[in-house]
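Only one structure is covered here, and it is reproduced in the block below.
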Amino acid sequence: MTANIIDGKKIAQGIRDKLKAAAAELTVKPGLAVVLVGADPASRTYVHSKEKACQEIGFYSEVHRLPETVSEAELLALVSKLNKDSRIHGVLVQLPLPAHIRTDKIILAIDPAKDVDCFHPLNTGALFSGLTSGILPCTPAGCLELIKSTGLALSGKKAAVVGRSNIVGKPAALLLLHHDCTVTLCHSRTADLAAELQQADIVIAAAGRAGLITGAMLKPGAVVIDVGTNRVNGRLTGDVDFASAVQTAGFITPVPGGVGPLTIAMLMQNTLNVCRQKL
Ligand code: GUN
């Protein structure tokens with residue numbers, strides 16, 4: 001039997017519909033400011049999708065496009081301005097930034113109350129401590145929505161996260177832990193990845209290596225969430241070898257059309273939550 005394919009586009013649309021209805025009830029529009037530095041094609045696409053989502057659900061949005069040559073001081077000045085702008089509830093600086101700009105310094109400059117990416121140490125620290133601030137890390141929260149859509153009860157399940165980035169792997173492991181999963185955080189130095197995955201009822205693949213995870217490595221019936229966005233011969237490819245994994249998994253997300261739409265839906269959810277908290 002082949003796996004059920006989790007339709008990320010449809011699930012995200014359902015969330016956006018609810019956010020649109022919720023936003024219409026508010027006396028002010030939730031506002032999102034996105035800052036894009038340079039012309040990286042992938043970043044441009046992501047920023048465009050964020051702008052489009054805001055338009056669809058009736059949020060106010062601003063996109064600030066800055067040249068690759070912008071100085072760190074100029075970028076800090078813009079972030080400071082957006083922090084103070086009462087129309088703006090969420091401030092997002094698209095990563096990666098050019099090498100001459102210190103990413104940590106920019107993240108630290110974003111008002112933690114407007115940090116809808118959940119990148120600021122105050123928010124990641126709150127997440128670590130299990131405190132609920134109304135802001136969740138977008139991609140990990142999107143992965144959780146996709147897992148929940150299968151109807152699987154998470155409590156007591158074994159979950160393997162592959163990849164230990166600050167944006168996905170580490171926060172995804174924490175969210176699964178908060179949902180009472182037994183979590184293994186695998187990475188490039190894990191001695192026997194297949195042995196770890198064989199045990200896992202849930203797999204979140206976020207290593208950034210095309211086709212790293214094959215069907216033979218998975219536990220039959222596993223829920224497999226593929227966060228990978230690798231370009232192979234111009235095509236977007238996940239970290240999971242879909243053709244073989246679909247033969248073993250119980251549920252699997254496609255790339256594209258799996259996690260990506262959920263990341264944006266969760267960003268909108270965070271922006272609405274910040275706006276609500278302010279009202
Ligand atoms: N670059 C890749 N993913 C993300 C994200 O979720 N947020 C930001 N700001 N930049 C990214």
Side-chain angles (χ1 to χ4, degrees), residues 1-8 11 118 124 127-130 136-230 232 236-263 266:
M1 227 175 64
T2 60
N4 293 291
I5 311 230
I6 304 173
D7 187 345
I11 295 164
C118 198
T124 55
L127 177 70
F128 182 94
S129 306
L136 287 173
C138 302
T139 299
C143 292
L144 252 294
E145 290 293 329
L146 292 166
I147 296 164
K148 287 178 184 170
S149 78
T150 67
L152 182 80
L154 280 92
S155 182
K157 294 293 187 302
K158 287 196 176 187
V161 178
V162 187
R164 53 179 154 177
S165 71
N166 286 335
I167 297 186
V168 187
K170 278 192 238 172
L174 282 172
L175 283 187
L176 289 164
L177 184 62
H178 295 162
H179 283 78
D180 301 320
C181 290
T182 300
V183 184
T184 303
L185 185 45
C186 307
H187 47 78
S188 54
R189 303 292 172 91
T190 294
D192 189 346
L193 181 61
E196 304 296 343
L197 297 184
Q198 279 287 315
Q199 306 276 319
D201 305 299
I202 297 163
V203 174
I204 295 184
R209 279 184 55 193
L212 172 69
I213 296 164
T214 61
M217 299 163 90
L218 297 167
K219 178 178 175 179
V223 176
V224 179
I225 309 297
D226 191 353
V227 184
T229 52
N230 312 290
V232 179
L236 200 60
T237 310
D239 288 356
V240 178
D241 173 47
F242 190 86
S244 63
V246 79
Q247 303 296 328
T248 314
F251 292 87
I252 188 167
T253 60
V255 176
V259 175
L262 268 295
T263 295
M266 294 297 103

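Any value given below was found using the heavy atoms of this structure, including those in side chains, with hydrogens, waters and symmetry copies removed.
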Passes side chain to side chain contact (heavy atoms under 4.5 Å, CB included), L127 versus L175? Steps please.
CA-CA 8 Å; L127 177 70; L175 283 187; 3.7 Å; yes

For side chain to side chain contact (heavy atoms under 4.5 Å, CB included), just list the numbers for I202 and L152, CA-CA rounded to whole Å, side-chain angles, deciding distance to a tenth of an Å, and then say yes or no.
CA-CA 10 Å; I202 297 163; L152 182 80; 3.7 Å; yes

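Residue P171 comes nearest to P137 through the heavy atom pair CB-CG, 3.8 Å, listed as atom of the first residue, atom of the second, then distance. Between A159 and C181, the closest heavy-atom pair is CB-CB, 4.1 Å. Here the closest heavy-atom approach between residue A160 and residue L197 is recorded as CB-CD2, 3.8 Å. L218 approaches A249 most closely through the heavy-atom pair CD1-CB, 4.5 Å. Nearest heavy atoms, L236 versus P256: CD2-CB, 3.8 Å. In plain terms, the two heavy atoms of T124 and C118 that are nearest each other are CG2-O, 3.5 Å.
Here the straight-line distance linking atom CD1 of I225 with atom SG of C143 works out to 6.0 Å at 0.5 Å rounding. A distance of 6.5 Å separates CD in Q247 from OG1 in T2, rounded to the nearest 0.5 Å. Atom NE2 of H179 is separated from atom NZ of K148 by 3.5 Å, given to the nearest 0.5 angstrom. Taking CD1 of I213 as the start and CG of D226 as the end, the distance is 7.5 Å to the nearest 0.5 Å. Rounding to the nearest 0.5 Å places SG of C186 at 11.5 Å from CD1 of I204. Atom CG of L193 sits about 9.0 Å away from atom OG1 of T214, to the nearest 0.5 Å.
Taking 4.5 Å as the limit, every side-chain heavy atom of K170 sits out of range of all side-chain heavy atoms of P140. Considering only heavy atoms from C-beta on, N4 stays 4.5 Å or farther from T150 through its side chain. Contact of the L154 side chain with the L144 side chain is registered, since non-hydrogen atoms from C-beta on lie closer than 4.5 Å. Two residues are said to be in side-chain contact when any heavy atoms from C-beta on lie closer than 4.5 Å; I252 and F242 meet this criterion.
With respect to V168, the side chain to side chain contact (heavy atoms under 4.5 Å, CB included) criterion is satisfied by exactly one of V161, V162, V227: V227. The only option from I167, V259, L262, T263 that meets the side chain to side chain contact (heavy atoms under 4.5 Å, CB included) definition with C138 turns out to be T263. Of the candidates V203, T184, L185, E196 forms a side chain to side chain contact (heavy atoms under 4.5 Å, CB included) with just one, namely T184.
Side chain of D201 to backbone of K157: no donor-acceptor contact under 3.5 angstrom is found. Side chain of D239 to main chain of L212: no donor-acceptor pair is present (N/O by atom type, distance under 3.5 Å, no hydrogens or angles).
In terms of the salt bridge (Lys or Arg N to Asp or Glu O under 4.0 Å) criterion, D241 has no residue partners (sequence neighbours excluded).
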